[in-house]
Amino acid sequence: MFKENLQTLARQHLLRELSLINSPSAPVISVEGREVLQFASNDYLGLTNHPQVKDAAMKAIEKFGVGSGASRLISGNITPHYALEAELAKFKDTEAALTFSSGYTTNIGVIPSLATTDSLIFADRLCHASLIDGCRLSRATLRVFHHNDVNHLKRLLAKPRSRTSTLILTEGVFSMDGDVAPLPEIAALAKECGATLLIDDAHGTGVMGANGRGTVEHFGLDSPHILQMGTLSKALGASGGFIAGPKDFVAYLINTSRSFIYTTAPPPAIAAAASVALAILQQEPQRRIKLWRNREFLHNGLVAMGFQLTDTQSPILPIMVNDPELGIQMSRHLRAEGVWIPAVRPPTVPKGTSRLRITVTADHSLEQLEIALRALRKVGTALKVL
Ligand SMILES: *Cc1c(COP(=O)(O)O)cnc(C)c1O
């Protein structure tokens, strides 16, 4: 059965295979023994290789060991976790924050604590799989609104709701399209109808807003009542996820969130590294400035060449090719040119919307961006995408 299913996937150009990387996440990586220039990492600010971040992890290993030994509620609540959560709350301008082992487990843990069988959840159609899985685990009734369509959400919310609680889910920056949610309108709607708003800001944290605090800062929203989810694994260069919000809500999660309770606490060294990354993110705004400069340069270059991009407003620059086979071909040709840009295909994105997903970081040099543009022009022309 597995074999047949895999063959079917291969025929549809939807088979996925792992590539072996033997280097840190940096602009140049070693894939299957060959060095390539990569545009596929979410380490937007280059913090995963920052000497101080690495040093913090090593020092914390010396002091606390590698593993945390138990779950947070048993004996795994170690100083670095506690410190990081206080810093995250301050950074996100909320009363409290709680960290989880990953962004994925944050979403699947938080949503069932917010919504139950008799709740209603309204989610953007392009919400990340972790949000959808969180909805499924909650057993609430899920209503999907068209992507970034506030009027559709409004129409859905206007229908009679006899349910006990209402939750609205969106991403701040959408992970596969790079566009930004109309948060002021969504937040106003949520307030109007007494719904809770949860924003997954995995790609907004460290990237959006004057101080990198995320899309809530970008829009200047009043944050105390908005629940903001983020990851430590993207711009913060570490690993793990978090949620920021009111104190009582965090206390409630500690009591109810299964993916928080029933798992071993994340390694203390990772929390210590994330703390230092968070401090650097705030002390070195030049990283974010460089990230955006790189993003503008690459975006302008791609648009000038005539590539069809999404309505992106972030360092995620997806080139739409729609057909998965063309996506794979383009990615393969680019790799032969020494440039690593993966094709993203269904089910990660809706059918007929396969794309080459470029992410640019602060660590890319202008010269590297030019190399990528040249390779993209060559391959785009050869495969008649341009
Ligand atoms: C990456 C991502 C997650 C999951 O975060 P991890 O820390 O990688 O588990 C959740 N939501 C969105 C939108 C993401 O892009």
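In listed order, ligands and their atoms are each counted from 1. Everything numeric here is computed off the predicted structure, so don't read it as measured data.
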Legend entry - Interfacing atoms of ligand 1 (cut-off 4.0 Å, heavy-atom, Ser233): 6 (P), 7 (O), 8 (O)
Inset, instruction - Would you mind listing which atoms of ligand 1 come within a distance below 4.0 Å of any non-hydrogen atom of Gly240? - result: 7 (O)
Inset, instruction - List the steps, then state whether side-chain hydrogen bond (donor to acceptor under 3.5 Å, both in side chains) holds for Thr215 with His218. - result: CA-CA 5 Å; Thr215 43; His218 170 76; over 6 Å; no
Inset, instruction - Give a yes or no on whether the backbone of Leu9 and the side-chain of Asn5 come within a donor-acceptor separation of less than 3.5 Å. - result: no
Inset, instruction - Examine Ile121 and Leu198 and state if one hydrophobic cluster contains both, with Ile, Leu, Val, Met, Phe, Trp and Tyr joined whenever side-chain heavy atoms are less than 4.5 Å apart. - result: yes
Inset, instruction - May I ask whether Ser130 places a heavy atom under 4.0 Å from ligand 1? - result: yes
Inset, instruction - May I ask you to list the atoms of ligand 1 that are less than 4.0 angstrom from any heavy atom of Tyr104? - result: 4 (C), 5 (O), 6 (P), 9 (O)
Inset, instruction - Report yes if some N/O of Gly103 lies less than 3.5 Å from some N/O of ligand 1; otherwise report no. - result: yes
Legend entry - Shortest non-hydrogen separation from Arg287 to Gly46 and the atoms involved: NH1-O, 3.8 Å
Legend entry - Shortest heavy-atom approach to atom 14 (C) of ligand 1 - which of Glu171, His203, Lys234, Met176: Lys234
Legend entry - Between His147 and Asp179: side-chain donor-acceptor atoms closer than 3.5 Å: yes
Inset, instruction - Among all protein heavy atoms, pick the one closest to atom 5 (O) of ligand 1 and tell me residue, atom and distance. - result: Thr231 CG2, 3.1 Å
Legend entry - Close approach, Cys127 and ligand 1, non-hydrogen under 4.0 angstrom: no
Legend entry - Within one Ile-Leu-Val-Met-Phe-Trp-Tyr cluster: Leu298 and Leu45, side-chain cutoff 4.5 Å: no
Legend entry - Identity and separation of the nearest protein heavy atom to atom 11 (N) of ligand 1: Asp200 OD2, 2.6 Å
Legend entry - Distance filter under 4.0 Å to Ser102 heavy atoms, resulting ligand 1 atoms: 7 (O), 9 (O)
Inset, instruction - Decide yes or no on salt bridge (charged side-chain N to carboxylate O under 4.0 Å, His left out) for Asp177 and Arg355, but give the supporting numbers first. - result: CA-CA 9 Å; Asp177 285 55; Arg355 65 203 65 185; 2.7 Å; yes
